[in-house]
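The chains referred to below are lettered A, B, ... by the order of the sequence lines, with proteins before strands, and numbering in each begins at 1.
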Amino acid sequence: MTHDLVSDFQARGLIHQSTDAARLREWLSVPGRRVYAGFDPTADSLHVGHLVALVLLRRVAHAGHEPVALIGGATGMIGDPSGRSEERNLLSPDELAANIAGVERQIRAILLSDAGNNSHVTPHHVVNNADWMRGVGYLEFLRDVGKHVPLSQMLGKDSVKSRLERDGGLSYTEFSYMLLQAWDFVHLSDSLDCRVQIGGSDQWGNITAGIELGRRLRSRELHGITCPLLTKSDGTKMGKTASGAIWLDPRRTSPYRFYQYWINVDDDDAGRCLARLTPLSLDELADLDAKRAAQPAARDSQKRLAEELTRLVHGDGGLAAARQATEIFFGAEIGQLDDSQLAEIFADVPSREFSRSVLDGEGLLLIEALTDTGLAQSRGAARRTVEQGGAYVNNRRIADPAHRLTTNDLASASTLVLRSGKKSYAIARFQ
RNA sequence: GGGGAGUUUCCCGAGCGGUCAAAGGGGUCAGACUGUAAAUCUGAUGGAUUUUUCCUUCGCAGGUUCGAAUCCUGCACUCCCCA
């Protein structure tokens with residue numbers, strides 16, 4: 001199972017900067033080495049931007065080493081200035097506790113997920129830096145850590161320089177962030193003999209601060225690797241959409257939307273995502289690259305990408321749900337589903353409650369249902385949509401503007417699915 | 001301080017007393033095509049009604065007129081030129 005992690009990372013385009021590659025290779029030539037990546041609990045869920053690091057840890061395990069995921073319970077109280085243009089707002093203790101719990105659950109789930117091919121459970125560690133920072137006194141910290149970090153070095157970091165040049169500047173608190181992260185690294189090298197830290201390219205300054213501190217305090221050689229930020233071909237960050245970030249928590253981003261995000265990745269970006277985010281072998285990657293060039297319309301790459309990642313994050317059940325929803329959103333008439341299935345599939349879709357009695361007798365005017373659910377701005381717009389063939393009930397086109405909805409139109413016991421155009425759905429519930 | 005130009009529907013922009021809910025473009029929404037892509041093509045695009053009319057809209061407030069986005073007066077704001 002052991003293979004050369006560094007070469008694999010290089011082949012997949014995962015290395016942006018690293019400390020001396022030869023020394024790093026040498027250290028990693030022995031199985032069971034510990035490698036860590038940190039995650040600050042800035043929200044109660046991680047998002048797609050964290051996926052590279054999470055997958056990186058899985059690769060570490062896959063290569064026969066032991067991944068260490070560090071949750072920044074302490075550093076999260078401060079806020080990392082790296083890659084940020086403004087001072088962060090501090091989180092309340094309650095928020096922070098909830099965030100830590102959520103993030104920890106996700107990290108464990110992903111490290112333990114048997115998606116892909118490493119079905120055997122390898123040893124892994126999840127630690128929280130609050131556990132060792134909490135008891136440390138301020139004076140003690142200044143004497144033991146601060147004393148060994150030259151100000152010139154701190155001021156030289158890009159994360160600090162760029163902020164100092166801006167109007168907002170940065171506070172002493174955020175300035176100190178890198179000391180905490182540096183100490184984390186040294187602490188993990190003490191407690192777990194963890195000597196390698198990986199992170200996004202914006203973490204280089206913080207990682208090198210830790211390496212430097214390790215040399216000064218312990219005369220110990222530590223290593224660091226950063227991976228390039230995953231960006232789209234247009235230069236924007238991966239995982240951001242017009243409607244916000246793509247989260248890993250199904251309550252924030254449904255498995256369907258998560259799946260769809262990857263299905264819709266540009267051809268230009270698909271290869272890079274596959275290489276960096278999936279466990280596919282280099283041969284499989286080359287194969288998909290060739291297929292994509294020859295037959296872009298088949299979109300094998302996107303399908304594989306969506307499948308791998310949805311399974312990793314949401315499990316087989318999540319993948320199945322996403323696929324079922326996909327079929328419905330792009331396909332056939334809706335029937336044979338019960339209320340709860342519909343509720344699940346259309347979790348992201350706006351819904352509106354109606355009194356059941358409106359379906360009796362003549363029924364509810366379709367046009368009225370379209371405006372009431374917000375699918376149309378006005379009755380005129382609704383009429384237009386219907387007349388132009390853009391209105392669907394349970395995915396069946398209704399082109400008669402005088403159509404009235406009755407109990408016959410219900411897709412399940414009390415639910416009816418309205419659609420305008422290709423993608424705009426709304427759920428009407430009749431209680 | 002003096003002189004000039006302007007303010008139009010989501011945006012840009014035409015309109016110069018009735019035929020103006022207001023050209024054209026962009027955007028948006030539908031349809032066709034397609035790879036759930038890009039491009040292209042078609043239709044629609046103030047509100048209510050449904051085919052007939054009504055209501056609201058052209059910086060704001062008044063006025064002239066049978067009739068004003070269009071003319072007049074005042075006010076507000078924007079831009080340009082000369083000191």
Quick one: do [X] and [Y] make a salt bridge, cutoff under 4.0 Å?
X: R384(A); Y: E387(A); answer: no
X: E104(A); Y: R108(A); answer: yes
X: D8(A); Y: R12(A); answer: yes

Return yes if the base of U36(B) and the side-chain atoms of Q260(A) contain a donor-acceptor N/O pair under 3.5 Å, otherwise no.
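A donor-acceptor contact between them is present.
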Going by modelled atom types, is there a donor-acceptor pair between the base of G43(B) and the side chain of Q388(A) at under 3.5 Å?
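It does, because a donor-acceptor pair links the side chain of Q388(A) to the base of G43(B) below 3.5 Å.
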Could you give the distance separating [M] and [N] at their [atom1] atoms, to the nearest angstrom?
N: A23(B); M: A14(B); atom1: C1'; answer: 6 Å
N: U9(B); M: G47(B); atom1: C1'; answer: 13 Å
N: G13(B); M: G17(B); atom1: P; answer: 22 Å
N: C75(B); M: A83(B); atom1: P; answer: 28 Å
N: A21(B); M: A69(B); atom1: C1'; answer: 11 Å

What's the [atom1]-[atom2] distance between [X] and [N], to the nearest Å?
X: R257(A); N: U36(B); atom1: CZ; atom2: C1'; value: 16 Å
X: D269(A); N: A37(B); atom1: CG; atom2: C1'; value: 12 Å
X: Q302(A); N: U34(B); atom1: CD; atom2: C1'; value: 15 Å
X: Q295(A); N: A37(B); atom1: CD; atom2: P; value: 18 Å

Less than 4.0 angstrom between a side-chain N/O of [X] and OP1 or OP2 of [N], yes or no?
X: Y392(A); N: G31(B); value: yes
X: S378(A); N: A48(B); value: yes
X: R384(A); N: G47(B); value: yes

Judged by each residue's nearest nucleotide on RNA chain B, which is more toward the 5′ side, E387(A) or R299(A)?
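Its nearest nucleotide lies further toward 5', so the answer is R299(A).
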Toward the 5' end of RNA chain B, which comes first, Q377(A) or Y256(A), by nearest nucleotide?
Y256(A)
Choosing from [options], which nucleotide comes nearest the side chain of [X]?
X: R383(A); options: A30(B), U34(B), U50(B); value: U50(B)
X: S424(A); options: U36(B), A30(B), G35(B); value: A30(B)
X: K422(A); options: U34(B), G35(B), U36(B); value: U34(B)
X: K423(A); options: C33(B), G35(B), A37(B); value: A37(B)

So, is the end of the R257(A) side chain (NZ or CZ) under 6.0 Å from the ring centre of Y261(A) and within 45° of the ring's axis?
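Judged by the rule, R257(A) and Y261(A) form no cation-pi pair.
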With a 4.0 Å cut-off on heavy atoms, is D267(A) in touch with a base, just the backbone sugar-phosphate, or nothing at all?
base
What nucleic acid atoms does R292(A) come within less than 4.0 Å of, heavy atoms only: base, sugar-phosphate, or nothing?
nothing
Under a plain distance cut-off of 3.5 Å, with no hydrogens placed, do D202(A) and S159(A) share a side-chain donor-acceptor pair?
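Per modelled atom types, S159(A) and D202(A) side chains form no pair under 3.5 Å.
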Is the distance from the ring center of Y392(A) to that of Y425(A) below 6.0 Å?
no
